[in-house]
Number of protein chains: 2
Amino acid sequence: MTGNGDAGAAWRASSVANDLSFLLARSNALSLSAGNAVLRPLGLKVRSYPVLALACDDLRPTQRELADFLRLDPSQVVALIDDLEGRGLVERRTDERDRRSKVLVPTEEGRRVCARAREAVRAAEEAPFTVLDRAEREMLTALLGRLAFPSEG
Amino acid sequence: MTGNGDAGAAWRASSVANDLSFLLARSNALSLSAGNAVLRPLGLKVRSYPVLALACDDLRPTQRELADFLRLDPSQVVALIDDLEGRGLVERRTDERDRRSKVLVPTEEGRRVCARAREAVRAAEEAPFTVLDRAEREMLTALLGRLAFPSEG
DNA sequence: TTCAAATAGTTGACTTTTTCAATGAAATGA
DNA sequence: TCATTTCATTGAAAAAGTCAACTATTTGAA
């Protein structure tokens, strides 16, 4: 039978299957489910992990900065931090240099969870990305890095 | 002032900013909004365009095949096709070889709209992707193609 | 042949994500 | 001083994703 599932050669040759945007979307969907699966045991998601990770990098990010960097609506950042803070992984601190904004700092527990999450994510990237060898993966990372952050040459 | 918006060098060097999964997500978000903006005048979205395009490639896809290929729940495919069919761009036809399934066929109007959409998408890929030159873009497309379709060596 | 099991499309409920408008507190600049 | 802007927050609404159930049809084994 031809009509099994993931489509045959004709599909791969189709117009959309060579659109960068389509490939990006599909690759992202793959990586998304793999990432969520790995983070679930830690109570994190692909959505919340970067928030915790950036806090743990001691960047003291404001919520506005997080929203910009993660391309999320500020209101979503509120919800994500509410969750992390409720679980005792991060704290909001009023920025004394601009009392309108709040910076995110990790708790000790937050650091521990983050370290494990980092490792989990690293491992998760192995699974869907093993079709590429190390050099190819680095090439892909470099190209996507320029795509994702066009501002800086 | 430092706290402008899209983050500085420290952020780019952060742990997450070098995760393939994060870069994929962010690049996808960028390409998504660019794509939707371009397709809106045609009454299409990044979600519905591939459905129309695959129909117009004369692949006579069944809804199940579309769901697998586009990584959508079958029920979402129903909604997308309902919309396209309601606008007279495609038709459902019962597959005579398996009367459970229905294949998607484009109308003449569907083909016209699709041709314009194809061009719009091609043009849209210029905008966010101009940071990469042609060779880099082809490299990226090739790598993502292998990521998105791991099954076939 | 007959009948149980599997599959395609559809519907509906439900959750999560996304998007947007409005608000109060604080900062900025004329 | 005061209008304007920015930040975090709330709440509503639209869009997207997930899941279980149902009908019609096919398949395969008894």
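Residue numbers begin at 1 in each chain, while the letters A, B, ... track the order of the sequences.
Comparing dT10(C), dA8(D), dT7(C) against the side chain of Q63(B) picks out dT10(C) as the nearest. Side-chain proximity of T62(B) to dT26(D), dG9(C), dA26(C): nearest is dG9(C). The nucleotide whose nearest atom lies closest to any side-chain atom of S75(B) is, among dA26(C), dC19(D), dT26(D), dC19(D). Checked against dT19(C), dG9(C), dA8(D), the side chain of Q76(A) finds its nearest nucleotide in dT19(C). For D73(A), whose side chain is taken as the heavy atoms from C-beta onward, the closest listed nucleotide among dC20(C), dA8(D), dG9(C) is dC20(C).
The interatomic distance linking K45(B) (NZ) with dA14(D) (P) rounds to 12 Å, in whole Å. Atom CG of N28(B) and atom P of dT18(C) are 10 Å apart (whole Å). At whole-Å resolution of the value, CG in L66(B) and P in dT10(C) are 11 Å apart. Regarding D83(B), its CG atom lies at a distance of 16 Å from the P atom of dA14(D), rounded to whole Å. Between the CG atom of L32(A) and the P atom of dT16(C) there is a distance of 15 Å, given to the nearest Å. If you measure from atom CZ of R97(A) to atom P of dT6(D), you get 19 Å, rounded to the nearest angstrom. Between the P atom of dG9(C) and the CG atom of L72(B) lies a distance of 13 Å, rounded to the nearest Å. Whole-Å rounding puts the E65(A) CD to dT6(D) P distance at 15 Å.
Between F149(A) and L23(B), some side-chain heavy-atom pair lies under the 4.5 Å cut-off.
Within the nucleic acid shown, D98(B) comes within 4.0 Å of sugar-phosphate atoms alone, with no base atom in reach, counting heavy atoms only. S101(A) comes within contact range of the sugar-phosphate backbone alone, with a heavy-atom separation under 4.0 Å but no base atom that close.
Nearest heavy atoms, C56(B) versus R118(B): CB-NH2, 4.1 Å.
With 3.5 Å as the limit, one finds no donor-acceptor pair spanning the side chains of D19(A) and S21(A).
Remark: side-chain polar atoms of S48(A) are paired, donor with acceptor, to backbone N or O of K45(A) under 3.5 angstrom.
The phosphate of dT18(C) has OP1 or OP2 within less than 4.0 Å of a side-chain N or O from R47(A). Phosphate proximity of dA8(C) to R64(B): present, with a side-chain N or O under 4.0 Å from OP1 or OP2.
Within 3.5 Å, no donor on the side chain of R99(B) pairs with an acceptor on the base of dT25(D), nor the reverse.
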* Is there a side chain to side chain contact (heavy atoms under 4.5 Å, CB included) between L20(A) and L140(B) once you walk through the steps? -> CA-CA 8 Å; L20(A) 210 37; L140(B) 180 59; 4.1 Å; yes
